[in-house]
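Data first, discussion second: the structure below is written as structure tokens.
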Amino acid sequence: MQIGLVRHPGAQLSAVLGLADLFGIANDVARRRSEAPQLLDVCECPCGPDAAPDGGECDVLILPPALGTPMAPTAARPLAAWLLACHGRGSILASVCAGTFVLAETGLLDGRAATTHWAYAELFRDRFPAVALDTDRLIIDDGDILTAGGLMSWTDLGLKLVDRLLGPSVMLETAQILLLDPPGREQRFYSTFSPRLNHGDAAILSVQHWLQATGGREAGLSDLAQRAGLEERTFLRRFQKATGLTSTDYAQRLRVGRARELLQFGSRPVESIAWEVGYRDPAAFRKVFQRIVGLTPGEYRQRFRA
């Protein structure tokens, strides 16, 4: 199985070299486990500005992350056209972080689920509205296309491909050698709430500023609508259009964001934190926290406590 690492301009070199090392270790594990193992042949596919790589006869092509901003559409189009042709010949395409922007330029993600770094979510949705973006997930494996989230999720993508191509036992031993968690993390464990504020609706923006100031603790519909100077149904419609969230979900994310800080940097009981961020029922707080973060408050504190 041949894996091509597409070294595009601005590609994170540590990811390119790290993936090559990860697959090399997986090959060593496979050799120890079998007299006639299937191995991964890894190569780099360099490409310059506004140009596509040569060749492309690979079973898997990986677009690594970039340390700068995502590639502009004009620069990405030649590379996207090449990827589209490779996909048509049977190549599996995979991307990490900003690499998903290049993959989306092919049009192959339209109507499909994909992920990228959570900080790029708004920019990605603006450029590719037909893609079902889900930045809560760290990896989305759609068979012929795989997308991974933030910069270091190349480790998760690499292990996912080892699992698929060499088997779960090889993947688990490779993860143990590299001291990596096997695939299963979610990006929402790490992301922070970044509300959309540049939508141009002044009435809704004033409510957002007030919610930020109060930490989302006072979020009754009638109060919010009154602050916006709108009828309740109109407020609900305009708030969701402007922010992409209902006012209830927006307030919950503000509360949970504050709770994450208290869990990470303090030792107060969960019940006390729930009360401070606006929940009188600790059970309800735990349920909302787990829905948004993907971990219970106790699990979050255990993993991220400073």
Validation row: [X], [Y] side chains within 4.5 angstrom (heavy atoms):
X	Y	value
Leu146	Val60	no
Leu205	His209	yes
Met171	Val29	no
Pro64	Gln12	no
Phe23	Ile62	yes
Leu236	Ser247	yes
Phe235	Gln226	no
Asp141	Arg164	yes

Tell me whether [Y] is reachable from [X] by hopping between hydrophobic residues (I, L, V, M, F, W, Y) whose side-chain heavy atoms are closer than 4.5 Å.
X	Y	answer
Leu230	Leu224	yes
Val96	Tyr190	no
Leu245	Leu221	yes
Ile92	Leu159	yes
Leu157	Ile177	yes

Quiz prompt | Carboxylate-amine/guanidinium contact Asp163 Lys160, below 4.0 Å | solution = no
Quiz item: Is the closest basic N to carboxylate O distance between Arg125 and Glu122 below 4.0 Å?
Solution: no
Exercise. Test Val131 against every option in Thr116, Leu108, Asp110 by the side chain to side chain contact (heavy atoms under 4.5 Å, CB included) rule and name the one that passes.
Key: Asp110
Quiz item: Does the ring centre of Phe304 sit less than 6.0 Å away from the ring centre of Tyr300?
Solution: yes
If you measure from [atom1] on [X] to [atom2] on [Y], what distance do you get to the nearest 0.5 Å?
X	Y	atom1	atom2	result
Leu22	Trp154	CG	CH2	6.5 Å
Ile3	Cys43	CD1	SG	9.5 Å
Arg33	Asp28	CZ	CG	13.0 Å
Leu263	Arg303	CG	CZ	14.0 Å

Look at atom [atom1] of [X] and say whether more than 12 heavy atoms of other residues, nucleotides or ligands are closer to it than 6.0 Å.
X	atom1	value
Trp210	CH2	yes
Glu44	CD	yes
Gln212	CD	yes
Arg32	CZ	yes

Determine yes or no for a side-chain-to-main-chain donor-acceptor pair under 3.5 angstrom, with [X] supplying the side chain and [Y] the backbone.
X	Y	result
Ser272	Pro269	no
Gln208	Leu197	no
Ser34	Ala30	no
Arg305	Ser267	no
Thr246	Asp249	yes
Arg188	Leu295	no
Thr115	Ala148	no
Gln187	Gly150	yes

Practice problem: Begin with the C-alpha distance, continue with both residues' side-chain angles, and end with the deciding distance and a verdict on side-chain contact (heavy atoms from CB on, under 4.5 Å) for Leu161 and Leu19. | Solution: CA-CA 11 Å; Leu161 288 170; Leu19 280 165; over 6 Å; no
Practice problem: Starting from the C-alpha separation in whole Å, work towards a yes-or-no answer on side-chain contact (heavy atoms from CB on, under 4.5 Å) for Phe101 and Phe128. | Solution: CA-CA 8 Å; Phe101 282 75; Phe128 307 106; 3.7 Å; yes
If every non-hydrogen atom of [X] is compared with every non-hydrogen atom of [Y], which pair is closest and at what distance?
X	Y	result
Phe189	Gly294	CE2-O, 3.6 Å
Ile25	Leu178	CD1-CD2, 3.4 Å
Ser95	Thr100	OG-OG1, 2.8 Å
Cys58	Ser91	O-OG, 2.6 Å

Quiz item: Is the NZ or CZ atom of Arg255 positioned over Tyr279's six-membered ring, under 6.0 angstrom from the centre and within 45° of the axis?
Solution: yes
Practice problem: Have a look at Asp201 and tell me which of Arg196, Arg237, Arg238 forms a salt bridge (Lys or Arg N to Asp or Glu O under 4.0 Å) with it. | Solution: Arg238
Practice problem: Take Tyr120 and Phe124 through the test ring-ring contact (aromatic ring centres under 6.0 Å, His included) and record every step on the way to the result. | Solution: CA-CA 6 Å; Tyr120 292 143; Phe124 190 93; 9.4 Å; no
